[in-house]
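For ligands, and for the atoms within them, numbers begin at 1 and follow the listed sequence.
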Amino acid sequence: MLIVFVFINVYPSYMAQELVFQSKQSSMQNQAALISASLSPLEALTSDTVRQVMELLDDSSLTRIIITDTACVVLYDTDYDAESVGKYALFSEIVTALDGKDVFRSEFSETAFVSAAASPIMYRSSSIGAVYVYEYDAEQAGFIVELQANMGILSLVICLLAFVFSVLFAGSITRRVDTVLGAMQKVREGQYEQHVPLVGADEIAELGKEFNMLTDRLRTTEEVRQRFVSDASHELKTPLASIRLLSDSVVQNKDMSKETMREFVEDIGSEADRLARTTEKLLSLTRMDGQSSVEYDSIDVAKVASETQRLLRPLAEQREIKLEFSLGEGCFVRATQDDIYQVIFNLVENGIKYNVPGGTVMLLLYRRDDEVRLIVDDTGIGIPNEDLPNIFERFYRVDRARSRQAGGSGLGLSIVHATAERFGGSVAAEPREGGGMRFTVLFPACERD
Ligand code: ADP
């Protein structure tokens with residue numbers, strides 16, 4: 001604003017002055033040169049001869065013209081009132097002109113342009129006198145003073161408007177930023193339900209939009225976390241309560257038969273096993289949550305699958321389930337052996353657990369273009385459609401009683417889901433044609449290291 005203020009006040013008036021100076025210089029120097037040229041044929045200058053020539057020139061301009069001889073004595077002056085004829089005119093311009101040089105000077109005072117030009121009058125290359133042209137121009141100076149005043153007012157108005165607008169504008173920006181800031185402070189204190197109003201389509205509105213998305217996300221994460229903590233504590237408390245109950249019964253019932261006691265202790269053992277399995281799975285999920293991207297090896301999924309098949313065969317035989325694995329070649333995935341094992345193990349184990357005696361679990365593994373596909377089909381009890389969207393949630397079970405009885409923790413599919421996503425893949429569940437379930441896992445394929 002200061003620069004604009006100075007510029008508007010200085011530049012136009014400076015340019016106008018320059019223009020006036022230039023026009024005066026050319027007109028006054030021309031005039032002096034013309035008069036000098038008209039007088040130069042005169043061999044000697046006298047008041048009379050000069051007057052005769054000057055009358056012929058019929059100069060009607062507003063300038064004052066003085067003609068002097070070589071001794072600076074005035075021979076002619078258009079200002080009769082000055083009564084200067086016969087007197088000395090010792091102006092510096094005249095002295096310089098008598099030296100044979102053209103002179104011009106002009107200055108702008110508050111009220112007028114005061115300008116003077118002088119030229120020598122030459123006769124056979126020596127000066128015989130000087131022409132002095134003088135002008136006092138109040139009219140053009142008046143214009144410039146007026147211009148300066150107008151520009152001053154104009155610049156004041158512009159600065160005032162700019163100031164008012166910037167105060168209003170900055171005020172509105174500050175208020176909107178303050179709203180976001182206030183909401184951020186509340187979020188910092190744990191109030192995740194903050195939403196800021198979205199006004200306009202500028203950067204602050206964009207900031208507000210991002211902030212609202214962030215708090216939505218935080219809220220969801222917080223809800224999931226709270227649900228997870230309460231589910232996890234519930235899941236851990238249940239087997240502990242059973243263990244407590246069973247051990248109390250053993251301690252308090254002194255007449256308990258050996259067989260019953262053995263049964264109770266076995267139950268305590270299996271509850272302890274379940275507790276261990278649940279904590280193990282919880283730990284592996286928590287590890288995945290906090291894991292950053294590391295460089296992984298290329299893993300042969302077929303090799304891991306046949307190893308898993310070997311490990312699960314006893315359980316399958318116990319439940320009278322057939323395992324049919326069809327393993328393709330070149331199915332390499334950048335991951336860790338343990339993670340791939342977890343995915344296959346959980347899916348095949350579920351296929352066995354939620355199956356009926358005489359059923360089958362089929363695993364199909366193949367590579368298509370840049371993808372490794374792992375499909376696990378079973379002929380089991382299937383999952384109702386309304387439960388399908390939730391089965392990858394932590395601790396979600398379709399049939400609690402059955403899952404519990406099968407030794408499930410409700411974490412297996414969450415581990416599959418989290419693992420697939422971590423390695424850039426995905427997992428989907430759908431009912432299998434002819435009954436049972438189909439789980440399809442896709443991984444980005446890689447080459448053998
Ligand atoms: P769980 O440890 O209870 O098996 P999961 O996360 O592996 O937990 O599975 C979640 C729930 O999804 C299970 O409790 C079960 O009800 C259902 N489920 C998973 N796989 C199958 C399947 N192949 N067939 C039928 N139901 C399944």
> What are the atoms of ligand 1, with element, lying closer than 4.0 Å to any heavy atom of Tyr396?
Replying inline: 10 (C), 11 (C)
> Under 4.0 Å from any heavy atom of Asp399, which atoms of ligand 1 are there?
Replying inline: 16 (O)
>> Would you say Asp387 and Tyr396 are linked by a side-chain donor-acceptor pair, where the criterion is simply a distance under 3.5 Å?
In response: yes
> So, are Glu307 and Arg310 salt-bridged, with charged N and O less than 4.0 Å apart?
Replying inline: yes
>> Ring centres under 6.0 Å, that's the criterion: do Phe165 and Phe169 meet it?
In response: no
> So is Lys353 close enough to ligand 1, meaning a heavy atom under 4.0 angstrom away?
Replying inline: yes
>> Taking distance alone, with N or O pairs closer than 3.5 Å, would you say Ile383 contacts ligand 1?
In response: no
> Would you say Gly412 has any N or O atom under 3.5 Å from an N or O of ligand 1, going by distance alone?
Replying inline: yes
> Looking just at side-chain N and O atoms, do Gln342 and Thr419 make a donor-acceptor pair shorter than 3.5 Å?
Replying inline: no
> Does an N or O from Gly410, backbone or side chain, lie closer than 3.5 Å to an N or O of ligand 1?
Replying inline: yes
> With Ser36, which residues qualify under side-chain hydrogen bond (donor to acceptor under 3.5 Å, both in side chains), at least two apart?
Replying inline: none
> Which class fits the ring pair Phe423 and Tyr296: parallel under 30°, tilted 30 to 60°, perpendicular over 60°?
Replying inline: perpendicular
> Can you name the salt bridge (charged side-chain N to carboxylate O under 4.0 Å, His left out) partners of Asp248, sequence neighbours left out?
Replying inline: Arg244
> In ligand 1, which numbered atoms sit nearer than 4.0 Å to a non-hydrogen atom of Leu411?
Replying inline: 6 (O), 8 (O)
> Would you say ligand 1 has an N or O under 3.5 Å from any N or O of Ile381?
Replying inline: no
>> For a side chain to side chain donor-acceptor pair (under 3.5 Å) check, start with the C-alpha distance between Gln226 and Glu222, then their side-chain angles and the critical distance, and finish with the verdict.
In response: CA-CA 6 Å; Gln226 280 177 3; Glu222 180 59 14; 2.9 Å; yes
>> Give the atom numbers and elements of ligand 1 that come within less than 4.0 Å of a heavy atom of Leu413.
In response: 5 (P), 6 (O), 7 (O), 9 (O), 19 (C)
> Do the non-hydrogen side-chain atoms of Leu240 and Leu275 ever get within less than 4.5 Å of each other?
Replying inline: yes
> Is there any N or O on Ser414 that sits under 3.5 Å from an N or O of ligand 1?
Replying inline: no
>> Geometry only, no angles: is Lys281 polar-contacting ligand 1 at N/O separations under 3.5 Å?
In response: no
>> Please determine whether any non-hydrogen atom of Phe439 lies less than 4.0 Å from an atom of ligand 1.
In response: yes
> For ligand 1, does Met437 get within less than 4.0 Å through its side chain, its backbone, both, or neither, judged by non-hydrogen atoms?
Replying inline: side chain
> With atoms numbered from 1 as shown, which atoms in ligand 1 lie under 4.0 angstrom from a non-hydrogen atom of Asp378?
Replying inline: 22 (C), 23 (N)
